[in-house]
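Okay, so here's the structure we're looking at.
Sequence lines set the chain letters: A, B, ... in the order given, protein chains first and strands last, and positions in each chain run from 1.
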Amino acid sequence: MEFIQLFVSGLANGSVYGLIALGFVLIYKATEAVNFAQGDFMMFGAFITLWLTNTEYFGISFWLAAPLAMLAMGGLGYLLDVTIIRRMFGQSQTAVVILTIALGFVIRFVAGAIWGHEPQTLESPLAHGDLAVGGVVLGMADVTIIVVTALLTFFLFQFFKRTKLGLAMQASSQNQMAAYYMGIPVKRVQGLIWALSGVVAAVAGILFASKGAIDPNAGLLGIKAFAAAVIGGFGSLPGALVGGLIVGVIEPFAARFLPAGYSQIAPYALLLFVLIFRPHGLFSQVRTKKV
Amino acid sequence: MRIHFKTSYNHDIRLFEDRFTLLKYAVLLAFAISLPFLIGDFYLGETTNVLIWAIAGLGLMLLTGQTGQVSLGHAAFLALGCYINLILLDKGVPFIVSFPLAGVLTGVIGTIIAIPALRLHGIYLAIATMTLSILADDIIVLTEPWTGGVMGMFPPTIDIFGFEIERWTTPDRFYYLVLAVTVACTLFYRNLLRSPLGRAFAAVRDSEVSAAAMGVHISRTKMTAFGISCAITGLAGALMGYFSGMVNNETFSVVISIQLLMMIVIGGLGTIHGAFFGAFMVAFLPQGLSIAKDWVGSGSVAIPGLETGVFGMILILFILFEPQGIYGRWVKTRIWFELFPFARKDMFKRQKSYLKTERLR
């Protein structure tokens with residue numbers, strides 16, 4: 001029974017990692033860049049929701065605040081692309097990586113300046129209530145997280161596979177110039193994907209904040225989400241989710257069964273193993289062109 | 001404007017372009033040597049800090065700027081160098097042996113780590129090295145019998161044949177030690193660039209395919225780059241340990257890794273000057289900020305995250321408007337004056353480029 005309990009709590013944590021990792025993968029899939037600030041996006045989205053919902057700030061209904069926060073984060077993502085990221089168009093990945101690390105610093109600073117550095121709790125209706133299934137007790141928040149993450153992954157996967165815009169996004173990442181030739185407005189497509197990943201970050205932030213307190217450094221969770229994205233294979237949406245779940249499940253088990261000090265190493269050690277033995281992740285997207 | 005009419009290959013790869021350049025650097029060195037007589041102990045300490053960061057920057061520059069392999073984990077090698085030096089001293093090895101040995105051992109370990117890392121490209125390498133840096137923190141705690149874990153270690157006074165060097169009581173001697181290491185590393189770096197190995201580094205950075213076609217052994221070159229880079233970084237780490245006076249698992253956090261990478265980007269990737277300019281930036285930013293805060297009148301108010309926030313903003317501005325860093329800006333300004341009034345606006349315009357996926361190869 002303890003086994004199942006650990007497993008389920010791991011699943012819930014892992015879903016949050018998976019959601020942040022989805023944000024990484026979205027941007028990687030469509031722009032070939034990696035957004036190191038995704039964790040900070042999540043933190044910012046959580047804080048906007050908290051700002052709108054909590055009674056000491058605006059105090060509007062959570063169900064109104066959540067979509068508003070998603071909209072705001074989408075707008076922020078688009079704005080960042082138009083003002084900053086787009087100037088890097090065509091430049092190497094490395095430059096964008098360094099740029100987004102810097103962006104993360106700035107976002108963290110701004111959040112700290114607005115909302116302070118004390119941990120705060122979101123007054124979320126998801127935070128209350130338990131679900132007991134045959135002896136295993138599940139928080140309402142955990143159930144919601146798992147369900148929302150699964151749904152979001154499914155829809156995004158379908159979006160990339162079936163819709164015209166999704167295909168355009170994939171095309172513009174694979175070869176920018178060829179995509180232009182095919183009549184795809186590459187820059188606008190990239191703006192849209194940054195907006196979309198902002199929305200996903202907001203969802204992750206809201207769900208994460210429903211589980212516990214947040215502070216401006218919550219964005220550092222992004223590093224674990226990285227592990228998730230890499231384990232799953234950058235560029236694969238289901239991979240991101242699976243990677244997130246693996247990292248999430250490993251954590252409580254490592255904490256329970258490994259000696260203290262070794263447990264927090266586990267996800268990173270796994271990441272290194274995957275990188276060494278399967279450098280492009282479990283759901284590898286790398287194919288060698290046949291001539 | 002000086003025109004260099006090169007008549008032979010040896011002419012092309014001379015250490016100093018002409019006598020004037022040689023004179024410039026000789027004056028700079030003389031100035032650096034006379035510095036302890038010119039400024040107080042506090043600023044001497046800060047300058048020492050700049051030099052240590054510059055050595056670390058040179059180490060990373062060799063890997064990232066010269067060979068094009070991005071590492072977000074060099075703090076791990078700083079830590080490695082620092083701890084190897086301290087542990088050797090603990091075992092009774094004299095400083096004159098333990099210090100170079102710390103560099104060499106760090107280089108060897110770096111090369112070993114590079115073997116699996118060689119299979120990784122671009123972003124994956126960055127993530128793998130970042131993971132190393134995160135793990136280093138935990139490993140230092142786990143290997144507590146040697147490293148002192150959270151309690152940390154206190155570097156002893158440096159003793160070279162009875163000549164004692166200590167950061168606080170004899171800051172000028174410590175400064176000279178660091179200066180000597182800096183000059184040695186810089187000369188080594190500069191000479192390396194003239195050698196076939198240095199040319200191979202640049203070839204690997206610019207295009208792996210063409211480098212391989214020219215007969216460069218890609219993975220061996222990358223491994224060598226990793227090794228030398230880690231060795232220089234290890235030396236910097238050992239000095240950093242002495243400078244901070246106390247090291248524990250948090251001294252060399254992943255933030256230091258990121259800061260180191262950002263430093264060389266701000267300074268100017270792929271240039272020796274860049275490492276120094278960047279080091280100035282990193283070391284004097286906290287001072288500059290506190291002076292600015294005094295000036296605004298909120299000197300006593302502590303704003304957490306201000307430093308990294310401002311650092312991030314400066315970095316964003318640099319990447320957007322001056323991707324070649326401070327050194328690039330300096331070169332452009334100089335050339336503008338040298339060519340006056342014939343400098344054209346688009347002389348340094350970046351070539352338009354389009355990105356292709358790395359997933360299909």
Practice problem: Anything in residues 111-120 of chain A with a heavy-atom distance to chain B below 4.5 Å? Please list those residues in order. | Solution: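 The stretch touches chain B at A:His117.
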
Practice problem: Write out, in numerical order, the residues from residues 95-104 of chain A with a heavy atom short of 4.5 Å from a heavy atom in chain B. | Solution: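 Contacts with chain B: A:Ala95, A:Val97, A:Ile98, A:Leu99, A:Ile101, A:Ala102, A:Leu103.
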
What is the minimum heavy-atom distance between [X] and [Y], and which atoms define it?
| X | Y | result |
| --- | --- | --- |
| B:Leu62 | B:Ser229 | CD2-N, 3.8 Å |
| B:Met61 | B:Thr271 | CE-O, 3.1 Å |
| A:Gly191 | A:Arg86 | CA-NH2, 3.9 Å |
| B:Ala279 | B:Trp53 | CB-CB, 3.8 Å |
| A:Ile250 | A:Ala266 | CG2-CB, 3.8 Å |
| B:Ile140 | B:Thr147 | O-OG1, 2.7 Å |

In terms of heavy-atom proximity below 4.5 Å to chain B, should [X] be classed as side chain, backbone, both, or neither?
| X | result |
| --- | --- |
| A:Met88 | side chain |
| A:Phe36 | side chain |
| A:Leu271 | side chain |
| A:Tyr268 | both |
| A:Ser172 | neither |

Quiz item: Would you say the ring centroid of A:Phe105 lies under 6.0 angstrom from that of B:Phe311?
Solution: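 No: the rings miss the under 6.0 Å criterion.
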
Output yes when a side-chain donor or acceptor of [X] lies under 3.5 Å from a complementary backbone atom of [Y], and no otherwise.
| X | Y | value |
| --- | --- | --- |
| A:Thr31 | A:Tyr28 | no |
| A:Arg87 | A:Thr83 | yes |
| A:Arg108 | A:Asp40 | no |
| B:Thr64 | B:Gln69 | yes |
| A:Ser197 | A:Leu26 | no |

Quiz item: Does a side-chain heavy-atom distance below 4.5 Å link A:Leu196 with A:Leu156?
Solution: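 Yes. Closest side-chain heavy atoms under 4.5 Å.
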
Quiz item: Out of B:Thr308, B:Ile115, B:Val70, B:Leu320, which one racks up the most heavy-atom pairs below 4.5 Å with chain A?
Solution: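 Most heavy-atom pairs within the cutoff with chain A belong to B:Leu320.
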
Quiz item: B:Leu142, B:Leu72, B:Leu315: which one forms the most heavy-atom pairs within less than 4.5 Å of chain A?
Solution: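 Counting heavy-atom pairs under 4.5 Å, the top option is B:Leu142.
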
Quiz item: Given that the side chain runs from C-beta out, which part of B:Ile319 has a heavy atom under 4.5 Å from chain A: side chain, backbone, both or neither?
Solution: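 Answer is both: backbone and side chain atoms of B:Ile319 are under 4.5 Å from chain A.
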
Quiz item: Which members of residues 249-270 of chain B, sorted by number, sit under 4.5 angstrom from chain A on a heavy-atom basis?
Solution: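 Residues of residues 249-270 of chain B touching chain A at under 4.5 Å: B:Ile258, B:Leu261, B:Met262, B:Val265.
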
Quiz prompt | Over 12 foreign heavy atoms within 6.0 Å of CZ, A:Phe253 | solution =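 For A:Phe253, atom CZ is crowded (more than 12 foreign heavy atoms under 6.0 Å).
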
Quiz item: Take atom CZ in A:Phe273; do more than 12 heavy atoms of anything else shown fall under 6.0 Å from it?
Solution: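 At most 12 heavy atoms, drawn from other residues, nucleotides or ligands, come within 6.0 Å of this atom.
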
Exercise. Could you list all the side-chain hydrogen bond (donor to acceptor under 3.5 Å, both in side chains) pairs where at least one residue sits in residues 218-235 of chain A, not counting sequence neighbours?
Key: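 Listed once each, the pairs are A:Lys224-A:Glu251.
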
Quiz item: Is it the case that B:Thr129 and B:His74 place a side-chain donor and acceptor less than 3.5 Å from each other?
Solution: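 On atom types as modelled, these side chains do not qualify, holding no pair under 3.5 Å.
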
